[in-house]
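Since the structure comes first, as structure tokens, the remarks are kept for the end.
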Amino acid sequence: MSATASKAARAAAQIGDANRWKALVFIALAQLMVVLDATIVNIALPSAQNDLGISDGNRQWVVTAYALAFGGLLLFGGRIADKWGRKRAFVTGLAGFALASALGGAAVNGPMMFGARALQGVFGALLAPAALSLLAVMFTDARERAKAFGIYGAIAGGGGAVGLILGGFLTEYLDWRWTFFVNIPFAIVAAAGAYFVIREPEGGRNRSPLDIPGVILSTLGLVALVYGFTRAESDGWGDGVTVAMFVASAVLLLAFVIVESRVKAPLLPLRVVTDRNRGGIYLSLGLAIIGMFGLFLFLTYYLQVVKGYSPVKTGFAFLPMVAGMITGSTQIGARLMTRIPARFLMGPGFLVAALGMLILTQLKIDSAYGTQLLPAMVLLGLGMGTAFMPAMSLATQGVQPRDAGVASAMVNTSQQVGGAIGTALLNTIAASATTSYIKDHIAGAAARPQQELVKLQGMVHGYSTAIWFAVGILAVASLIAFTFVNAGRPAPLTVASGEGAEDEVPVPVVAH
């Protein structure tokens, strides 16, 4: 190669590197939009319900419509990204999400709001896997990958708390409609930046025919599963429809596995989930999200109902957790991921988060924020951030480029299903403990103020009981990470992409 050609090659590589980091900004922005949307709407829900005349029985559909569409279509969205190209899927998902958000902000009645939320879920299911798989195929150097996934992991973990802060501000000082409209500038900036900056590597598409039976079975199975947990929260675990949803989900997902093991071009190649490391990550990540989602719910109610915090003050109370997640992900996880095996970050990370939860099991009505809630949130954030970062990276590491989208979709699916389970399971445990406490103590409270006090004590008792279960769930997540995840430090290796091209993809080095 001539000196001129060599210089040109080095210059091209430098431009590629620069574009990769610029692309990360827009991918992270899109991820932040999707994650914070899950909590920002919760803050605005009471105001929106009042304005649109939505009944108490139907208000859950503002959250459920999004969860069903998003959770049910994630695998389909991941495979579409593999087939279309991640950049095209990413930009299309952003455009659709912005349109759906505009419809939600302009909603004049309940059905229009429910439809807009479902549409947000559809495009979110296309956008989220495309974002993560773009990182997987663009960042192949071990050190660069660690930094990129550190940033992504911090946003994935802390975005929900940012949503509480932003939702509180917009609802309190502007109008609930702005919790939807705020997505539009996010989406426009991210889509424009992605269009001009992202250069997706060639040769990584999956051009196989779409597995239609797999799409139908996985979508219906995941929708039934998410709806089953959502309904269990409101109607109880013994409700006939709830039980029917769980049975239907089990049958449909079993049929999906059978179909995927036999078709030539499966929607979800079983090699993606049967890999020891990826399987362990999907399972441990889903369990960790169960505990985390329940905690967000309980602490929000505790701070606002028991402590009397405003929505904005509640949002700011979560900031130490966000700071802990950013520190754990970018300073601990990203720095150590190239030096020690992932399980020595994930396992201890989940245990540190469990320690934070353990502090919160001692929650009382008069618990001080500075001496109890603050250290618990910092520990929870540090632990989750440290664990999330290598989990996000390793879940897509070593996978064939043509499967990057669906492997990324599995990360989002484990989080979405974990969130649905966490909200339903821990809320049910808390409600049952609260009812039992009030029943046992209300007889001794004669005056009305004493009765109100017993009700608040019962509420806090319910939260602390449920948090004990969250501690156990995080301990199990840690055990799974230690047991299943046996990949060592990432090392670059050239592998075939499946399209005849060769891609430099970091693969796990098994620790013996």
Side-chain angles (χ1 to χ4, degrees), residues 12-38 70 73-74 76-102 119-141 144-145 147-156 158-159 162-163 180-206 392-393 395-396 399 401-409 411-412 503:
Q14 287 171 356
I15 290 170
D17 287 344
N19 280 343
R20 239 189 344 264
W21 290 107
K22 288 176 186 174
L24 176 61
V25 173
F26 301 112
I27 292 169
L29 187 64
Q31 175 65 13
L32 177 62
M33 180 187 73
V34 172
V35 174
L36 67 81
D37 190 74
F70 187 69
L73 292 170
L74 272 167
F76 182 41
R79 185 49 91 198
I80 289 293
D82 287 333
K83 195 173 178 65
W84 276 6
R86 288 115 199 155
K87 178 178 175 178
R88 184 185 296 177
F90 184 72
V91 173
T92 302
L94 282 166
F97 202 91
L99 175 64
S101 298
L119 201 59
Q120 277 186 316
V122 169
F123 285 104
L126 181 63
L127 173 60
L132 185 55
S133 59
L134 275 170
L135 288 189
V137 298
M138 290 173 71
F139 290 90
T140 56
D141 175 77
E144 282 193 352
R145 188 180 179 92
K147 291 177 184 175
F149 276 88
I151 294 167
Y152 186 90
I155 290 169
V162 174
F180 287 89
F181 291 144
V182 74
N183 289 331
I184 298 171
F186 273 105
I188 290 172
V189 171
Y195 182 80
F196 290 109
V197 168
I198 289 178
R199 299 289 180 268
E200 186 179 349
E202 294 293 330
R205 290 198 192 178
N206 187 331
M392 292 284 186
S393 178
T396 54
V399 79
R402 62 198 174 103
D403 293 332
V406 78
S408 303
V411 176
N412 289 284
D503 295 276

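Side chains are part of it too, since the values below use all heavy atoms of this structure and drop only hydrogens, waters and symmetry mates.
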I'd like to know whether Phe123 forms a side-chain contact (heavy atoms from CB on, under 4.5 Å) with Leu99, so could you lay out the CA-CA distance, the side-chain angles of the two residues, the decisive distance to 0.1 Å, and finally the verdict.
CA-CA 10 Å; Phe123 285 104; Leu99 175 64; 5.8 Å; no
Contacts satisfying side-chain hydrogen bond (donor to acceptor under 3.5 Å, both in side chains) that involve residues 186-198 (not counting sequence neighbours) are none
Would you compute the distance between atom CG of Leu29 and atom CE of Met33 and round it to the nearest 0.5 angstrom?
8.0 Å
Residues forming a side-chain contact (heavy atoms from CB on, under 4.5 Å) with Ala130, sequence neighbours excluded
Ala81, Ala89, Phe90
Between Ala102 and Phe181, which heavy-atom pair has the shortest distance, and what is it?
O-CE2, 3.7 Å
Kindly write out the residues that satisfy side-chain contact (heavy atoms from CB on, under 4.5 Å) with Val25, not counting sequence neighbours, or none if the list is empty.
none
What residues, two or more places apart in sequence or in another chain, satisfy ring-ring contact (aromatic ring centres under 6.0 Å, His included) together with Phe186?
none
Give me the one residue out of Asn183, Ile184, Leu119 that meets side-chain contact (heavy atoms from CB on, under 4.5 Å) with Phe97.
Asn183
Would you name the heavy atoms of Ala131 and Ile27 that are closest together and state the gap between them?
O-CG2, 3.6 Å
If you measure from OG1 on Thr92 to CG on Leu126, what distance do you get to the nearest 0.5 Å?
6.5 Å
Contacts of Phe26 that satisfy side-chain contact (heavy atoms from CB on, under 4.5 Å) - sequence neighbours left out:
Val189, Val197
Taking side-chain contact (heavy atoms from CB on, under 4.5 Å) as the definition, give me every residue that meets it alongside Leu24, ordered by chain and number, with sequence neighbours left out.
Trp21, Leu135, Phe139, Ala148, Ile151
Between Gly124 and Pro129, what is the shortest heavy-atom contact and its length?
O-CD, 4.1 Å
Taking every heavy atom of Val91 against every heavy atom of Ala191, the minimum-distance pair comes out as CG2-O, 4.2 Å
When rounded to the nearest 0.5 angstrom, what distance separates CZ in Arg86 from CD1 in Ile80?
12.5 Å
